Colleague: 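Right, I'll just put the structure down here and ask away after.
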Number of protein chains: 4
Amino acid sequence: MNREEKKRATRQKIIDCALELFAENGYEATTVHQITERAGVAKGTFFNYFENKEEVLCDLQLFIATEEISKLQYKQGPIIPLMRELLMEMLRHLPFNRSLILASFQCTLSNKKLLESATVKFEEFKQVLIPVIAAAQARGEISSVMPAEMIADLAVQNYQGALIYWGMGLGEDKLSNQVTLSFELFFKGLAP
Amino acid sequence: MNREEKKRATRQKIIDCALELFAENGYEATTVHQITERAGVAKGTFFNYFENKEEVLCDLQLFIATEEISKLQYKQGPIIPLMRELLMEMLRHLPFNRSLILASFQCTLSNKKLLESATVKFEEFKQVLIPVIAAAQARGEISSVMPAEMIADLAVQNYQGALIYWGMGLGEDKLSNQVTLSFELFFKGLAP
Amino acid sequence: MNREEKKRATRQKIIDCALELFAENGYEATTVHQITERAGVAKGTFFNYFENKEEVLCDLQLFIATEEISKLQYKQGPIIPLMRELLMEMLRHLPFNRSLILASFQCTLSNKKLLESATVKFEEFKQVLIPVIAAAQARGEISSVMPAEMIADLAVQNYQGALIYWGMGLGEDKLSNQVTLSFELFFKGLAP
Amino acid sequence: MNREEKKRATRQKIIDCALELFAENGYEATTVHQITERAGVAKGTFFNYFENKEEVLCDLQLFIATEEISKLQYKQGPIIPLMRELLMEMLRHLPFNRSLILASFQCTLSNKKLLESATVKFEEFKQVLIPVIAAAQARGEISSVMPAEMIADLAVQNYQGALIYWGMGLGEDKLSNQVTLSFELFFKGLAP
DNA sequence: AATGAATGAGAGTTCATTCAT
DNA sequence: CATGAATGAACTCTCATTCAT
């Protein structure tokens, strides 16, 4: 392992331990000392990699895999399998651990910047969905009773709701089942 | 205003200012000093009313009006109007303010006791819903493809999801619209 | 019980509870609130009787019954029975409780005024003893190897030592036995 | 001075200043701020070395040099010179300063753990003395009127009594004289 | 005389951050 | 680049004391 790799490894170790601890105790209650201790580095090392404690948050994976979403707009075909595929893809980027999901949420809510950024991402998600939904409506695949924008809103809400609900320890055993189920019902409701 | 009333007023003032500040800055970032300053009392006064900072949280209204829910089990009639009525009743106990809703969530997530209590409440909500849903299925009002428990799970998730989504500043202008919309789609999906 | 008596009773109740608590937790660790709570009065009442917390200390019985001591100088006869009588008399004014004795000491040491006053009292005790001892030496009752002042010093030290030692839970079961024993040996050492 | 030495120096400086201040104002009345101010370090530094304020006490020298005492049991010869030697050895470990002695006592009394530990040490001291005294009685060096245990009790009491008495500013100028004098009389009383 | 809500200075303690080594 | 001792602002919480009732 050369110097560059070692640095990346240290950085990642810190991030991983940080999220672990955030999941256990919450963002505010977690101290830099705890993080470095678990990561096996000195306290000062933390500040060689991050300007301040808040900055680790920005490196945490959020619930929204922006890249996956943006790919959606170039895809074609019936909306339902498309959405299923997208959801599965997004879930692949999430931790398969309830408290980690919840911790991500807690961090997001406890930090103005992060909350803002999450809101923006949701909004982007929605903007990508709208034309896809509108097209599906035009093709008669789903009901046109509601405007596409409203449906997009409900879809995003549905996605987020499933995540938090599951993160709280409720619902199906596997997150993917919880999300799948939610969207099954969702699309049934949208049947034309 | 006599002594007893004054006491109650002081206590309420502290609670109100606390929630306000939690909504602005989050629970952890809010200091007791800020709370008392805004409430116009001395710092020590806070601790005459609450054993510690954490305890104010317990006086905060959560998203679940347990009493309203438990009434549900004694009611009769078609499930959809019943649920609509329940939802409206529950919303009446919530603050009509996005950041207050979000702050409630943040507080819940930042405090183990509160999180536990919220989870329990959701579970109770679910348990009340299950027989109501099962009965509606028996009467053929809603689809029996999914077991009642699963539907109950999705209903609670839907409720919570709408609240958070709206709390983040997304969706409809009015919370009640957001919730109504969500459940409209939800019940459409459940059509037999 | 008339008004005046009631006042005295309240005052005494406060003093008693205070010493009790001092014995349990020490002077500094005892709060006025604890005292008034145990005494069954309101916090404010404490300050109707004492200017401040420190002042209760002054009302506490110390280890030295000054009055008894001063009587000594007018008494006559062989020194050993005289001293025995004095000691027994002094013990009668002490609490028969190890932790109360120890608490008295702790209070004395934790308060400059009280320490000063205790030192003065010991000095007075010594001054009363000196002529008595000198007279006994002149009568040949006790050894003249040591000057009277030195003997007086050792006597007072002996008295205090027995009290503290017993207060710590060590030595004889009964305080009077511990003191008697100490002085028995003391006087044996002083045999001419 | 390297890093490790500097650490030890800082720690010792804090301990020294703490005891100084305890001697001046007592344990409870001394604040961590005062200690660090006098030691010339920041307030936080105190807590890098001690978990809390109470912990400095544990580093304070008590009145009983346990090691010296335990050596006693392996020594032989007439008891009186043996005891003289032991006492002198023990005094060598004590501060030659009245208020420091008194402060040690006050700290001991103001802290349950410390009091317990001091009582245990006194008890140990006694247990070491008992066989030594019994042997001396068997050899006819000292009177057998009192049981060895009782004599041990009085010896320990005598030692402690001399310390406190001298600590209060009374008695001989030098502590060693006060202790020597006390034990001279003590052993005279024990003459067979 | 008794009450107890209000006060606020000040206590112990925490912890993100710095910087000399 | 890693270290960890030092920092000090800021925190929660305590409590003797006051004073309107």
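Keep in mind that the numbers below use all heavy atoms, side chains included, and drop hydrogens, waters and symmetry copies. Here is the naming used below: chain letters follow the sequence lines, and residue numbers restart at 1 for every chain. Note that the structure is a prediction, hence the values are computed from the model and not measured.
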Colleague: Under 4.0 Å from OP1 or OP2 of F/dC1: is there any side-chain N or O of A/Thr10 that close?
Modeller: no
Colleague: In chain order, what residues pass the ring pair (Phe, Tyr, Trp, His ring centres under 6.0 Å) check against A/Phe50, with sequence neighbours excluded?
Modeller: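 With neighbours one apart ignored, the set is A/Phe46.
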Colleague: Are side-chain heavy atoms of B/Met168 and B/Arg98 found at a separation under 4.5 Å?
Modeller: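 They are not in side-chain contact.
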Colleague: With pairs taken as Watson-Crick or G-U wobble and both distances under 3.5 angstrom, which stems of at least three consecutive pairs involve DNA chain E?
Modeller: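 So the stems come out as E:2-21 with F:2-21.
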Colleague: Can you tell me if the side-chain N/O atoms of A/Tyr49 get under 4.0 Å from OP1 or OP2 in F/dA2?
Modeller: yes
Colleague: Could you check how far CD1 of A/Ile14 sits from C1' of F/dC1, rounded to whole Å?
Modeller: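 Distance, rounded to whole Å: 12 Å.
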Colleague: Side-chain contact test, heavy atoms from C-beta onward, threshold under 4.5 Å: evaluate it for C/Ser110 versus D/Gln106 and give yes or no.
Modeller: yes
Colleague: Taking side-chain hydrogen bond (donor to acceptor under 3.5 Å, both in side chains) as the test, write out the residues that go with A/Glu37, two or more places apart.
Modeller: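 Listed in chain order: nothing, the list is empty.
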Colleague: Just jot down the salt bridge (charged side-chain N to carboxylate O under 4.0 Å, His left out) partners of A/Arg8, sequence neighbours excluded, or say none.
Modeller: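 Residues passing salt bridge (charged side-chain N to carboxylate O under 4.0 Å, His left out) with A/Arg8: none at all.
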Colleague: Between the side chains of D/Arg38 and D/Glu24, is the shortest nitrogen-to-carboxylate-oxygen separation below 4.0 Å, so that they form an ion pair?
Modeller: yes
Colleague: Send over the distance from B/Phe50 CZ to E/dA6 C1', rounded to a whole Å.
Modeller: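 Going from CZ in B/Phe50 over to C1' in E/dA6 covers 15 Å.
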Colleague: Within this structure, what is the CD-to-C1' distance between B/Glu4 and E/dT3, rounded to whole angstrom?
Modeller: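 Answer to the nearest Å: 13 Å.
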Colleague: Please work out if C/Lys7 contacts a base, only the sugar-phosphate, or nothing of the nucleic acid, heavy-atom cut-off 4.0 Å.
Modeller: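 It contacts nothing in the nucleic acid.
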Colleague: Mind checking what makes salt bridge (charged side-chain N to carboxylate O under 4.0 Å, His left out) contact with B/Glu54, not counting sequence neighbours?
Modeller: B/Lys113
Colleague: Is the charged tip of C/Lys53 near the ring of C/Tyr27: under 6.0 Å from the six-membered ring centre and within 45° of its axis?
Modeller: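 Relative to the ring axis of C/Tyr27, which defines the angle, C/Lys53 lies inside both limits.
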Colleague: Produce a footprint string for nucleotides 13-21 of chain E: one letter per nucleotide, 5' end first; B if the base is under 4.0 Å from any protein heavy atom, S if only the sugar-phosphate is, - if neither.
Modeller: BBSBBB---
